[in-house]
Amino acid sequence: MTEQITRQQAAGTAVIGAGIVGAAVARALARRGETVTILESNRPGHELASSKGDARIRVLAAYPDEEYLRLGLDSDRLWRELETETGRRMLHPTGAISYGSDAERLAGALAAHEVEHELMGREEAARRAPAVNLPEGIDLFLWQPDGAILAAEAGLEAMLGSAASHGARLIPGQTVKAVRQDGDEVTVQVAEGQSKFARAIVVAGAWTASLLGWPELSGLRPTAQTVSYFRRDGPPLPAVIDYDGAEPYSGWTPGFGLKTADHELGPAIEPGRLPGPDPERVAASTAWVAERFGMEEGPAMTETCVYTNTPDERFLIESKGSVTAVSACNGQGFQLSPAVGEMVARRMLRS
Ligand SMILES: Cc1cc2nc3c(=O)[nH]c(=O)nc-3n(C[C@H](O)[C@H](O)[C@H](O)COP(=O)(O)OP(=O)(O)OC[C@H]3O[C@@H](n4cnc5c(N)ncnc54)[C@H](O)[C@@H]3O)c2cc1C
């Protein structure tokens with residue numbers, strides 16, 4: 001049954017959207033004693049949102065720049081803290097092997113921040129990642145032993161569970177129609193009426209720009225990314241990432257064994273209208289999986305998932321009065337969400 005917003009809740013912060021970023025923002029605010037109401041139009045992790053599925057890659061990297069490596073290091077600590085707090089395992093170490101023109105720059109950033117890594121030639125790389133057929137014509141590889149897979153579904157549940165344990169209230173099935181600054185307060189309108197909050201944080205993924213209609217958000221571009229899942233038993237494969245983006249990237253998944261997706265952006269979409277997987281991308285992933293891992297069978301499942309892209313690949317946090325929009329997606333939004341949540345909470349509460 002859909003719960004309604006009541007006058008009693010009309011204080012503190014409304015967090016609009018219960019994807020991983022909204023959950024992390026809500027948790028960070030609630031941990032600081034803030035009254036938080038999370039409004040979610042559907043259910044957390046639903047099919048049309050970006051935070052669905054069972055796995056995301058967690059590899060410390062400095063793209064687009066070193067600030068993001070620092071976010072990664074903070075997030076790492078916060079994921080581990082969340083594991084301890086909730087007693088759930090979310091980080092599954094697999095190692096990660098990457099290559100391409102950014103490898104040396106990224107290795108330099110990792111070295112500056114004392115993150116364990118090794119730049120190596122083909123022979124050593126083949127020893128470290130024996131299950132991977134290394135691409136021809138490449139002689140330099142970056143190996144990160146602490147590369148891992150984040151159990152995404154468990155991570156979202158744990159983040160929301162922790163937010164709730166600190167007092168945040170989640171109201172699923174509540175679509176926000178409009179968010180408006182009214183004097184010192186913010187009016188949040190839903191189908192059945194409206195409520196006042198001290199502030200609102202819109203973390204609505206692909207829907208953020210259309211909900212607020214701010215010109216500053218007009219650069220946000222939701223795209224449909226094709227994802228393929230392959231059955232693979234045995235020990236988890238390391239994450240494989242080609243920094244030049246010519247090849248798909250892949251990681252282990254608890255459900256199927258192996259998941260691939262593209263760096264290259266898929267077609268632009270209207271939020272909530274997700275086309276089916278692109279057969280050409282599925283065929284390209286199937287051929288790549290055969291070449292890279294010697295796996296001849298086609299995918300056991302394919303789907304599309306939404307990226308919400310910013311023009312410069314940086315996350316976007318934009319405030320007008322007491323309304324803040326947060327778009328922290330692109331391809332690394334899940335792993336960095338805990339640090340983004342803390343950053344937003346510090347800015348909001350000046351703590
Ligand atoms: C194919 C693919 C692979 C990826 N791989 C990785 C990876 O390996 N590593 C990594 O770190 N990240 C990865 N990501 C990115 C990561 O999944 C996203 O950055 C992250 O899930 C974004 O979460 P979000 O909370 O911003 O958005 P969402 O999960 O989309 O959440 C937004 C929520 O807002 C709700 N909402 C929208 N409008 C309203 C409204 N009007 N009222 C109330 N609620 C509303 C929606 O229903 C939704 O639940 C990948 C993404 C894709 C698509």
Side-chain angles (χ1 to χ4, degrees), residues 2 14-23 38-56 152-153 156 170-179 188-192 200-229 245 248-249 253 255 259-285 299-313 315-316 318 323 325-334 337:
T2 302
V15 171
I16 298 159
I20 192 62
V21 186
I38 312 170
L39 304 169
E40 164 57 52
S41 60
N42 195 308
R43 58 172 176 78
H46 64 90
E47 266 307 297
L48 299 173
S50 297
S51 303
K52 68 179 177 183
D54 67 351
R56 293 292 186 281
E153 206 175 348
L156 179 56
L170 168 66
I171 308 184
Q174 189 73 265
T175 301
V176 171
K177 305 283 183 196
V179 182
V188 172
Q189 196 183 325
V190 295
E192 301 84 5
I201 305 178
V202 180
V203 206
W207 293 264
T208 300
S210 53
L211 177 58
L212 289 173
W214 297 352
E216 294 82 352
L217 305 178
S218 60
L220 293 180
R221 288 271 174 279
T223 58
Q225 303 300 124
T226 293
V227 184
S228 304
Y229 295 85
Y249 60 87
T253 80
K259 168 182 176 175
T260 66
D262 294 312
H263 297 278
E264 200 178 298
L265 297 186
I269 58 154
E270 289 292 315
R273 291 176 191 271
L274 201 52
D278 176 346
E280 274 186 33
R281 301 315 313 156
V282 173
S285 270
M301 189 180 101
T302 59
E303 64 175 5
T304 39
C305 182
V306 194
Y307 267 0
T308 301
N309 307 279
T310 53
D312 57 3
E313 295 198 344
F315 296 160
L316 188 151
E318 189 74 41
V323 181
V326 180
S327 181
C329 188
N330 299 328
Q332 49 178 348
F334 208 103
S337 60

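Across all non-hydrogen atoms, the minimal contact from L48 to V306 is O-CG2, 3.5 Å. Nearest heavy atoms, G22 versus V203: N-CG1, 3.4 Å. The two atoms that bring V227 and A261 nearest to each other are CG2-CB, 4.4 Å, heavy atoms only. What you find for L265 and Y307 is that their closest heavy atoms are CD2-CD2, 3.7 Å. Annotation for V326 and V21: closest pair CG1-CG1, 4.1 Å, computed over non-hydrogen atoms. Heavy-atom minimum distance, T308 versus G205: OG1-C, 3.7 Å.
Rounded to the nearest 0.5 angstrom, S41 OG and I16 CD1 are separated by 10.5 Å. Put simply, CG on N309 and CG on L316 are 12.0 Å apart, with the number rounded to the nearest 0.5 Å. Between the CG atom in L217 and the CG atom in L212 there is a gap of 6.0 Å [rounded to 0.5 Å]. Taken to the nearest 0.5 Å, the CD1 atom of I171 stands 9.5 Å off from the CD1 atom of I38. Between E303 atom CD and S228 atom OG the span is 9.0 Å, to the nearest 0.5 Å. The distance from atom CD of Q225 to atom OG of S50, rounded to the nearest 0.5 Å, is 9.5 Å.
Applying the salt bridge (Lys or Arg N to Asp or Glu O under 4.0 Å) test to every pair with at least one member in residues 200-215, sequence neighbours left out, gives no pairs at all. Applying the side chain to side chain donor-acceptor pair (under 3.5 Å) definition to pairs two or more places apart or across chains, those involving residues 260-277 are T260-S285, D262-R281.
Counting heavy atoms from C-beta outward, Y229 and D54 have side chains that approach closer than 4.5 Å. A heavy-atom distance below 4.5 Å is not found between the side chains of Q332 and E313.
Side-chain atoms of T304 do not come within 3.5 Å of backbone N or O of G276 as any donor-acceptor pair. A donor-acceptor pair under 3.5 Å is formed between the side chain of K52 and the backbone N or O of E47.
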Test side chain to side chain contact (heavy atoms under 4.5 Å, CB included) on T310 and L220 and set out the steps.
-> CA-CA 5 Å; T310 53; L220 293 180; 3.5 Å; yes
Start with the C-alpha gap between K259 and M301, add the side-chain angles, then the distance that decides, and say whether side chain to side chain contact (heavy atoms under 4.5 Å, CB included) holds.
-> CA-CA 9 Å; K259 168 182 176 175; M301 189 180 101; over 6 Å; no
Check against side chain to side chain contact (heavy atoms under 4.5 Å, CB included), W214 and V323 | CA-CA 11 Å; W214 297 352; V323 181; 3.7 Å; yes
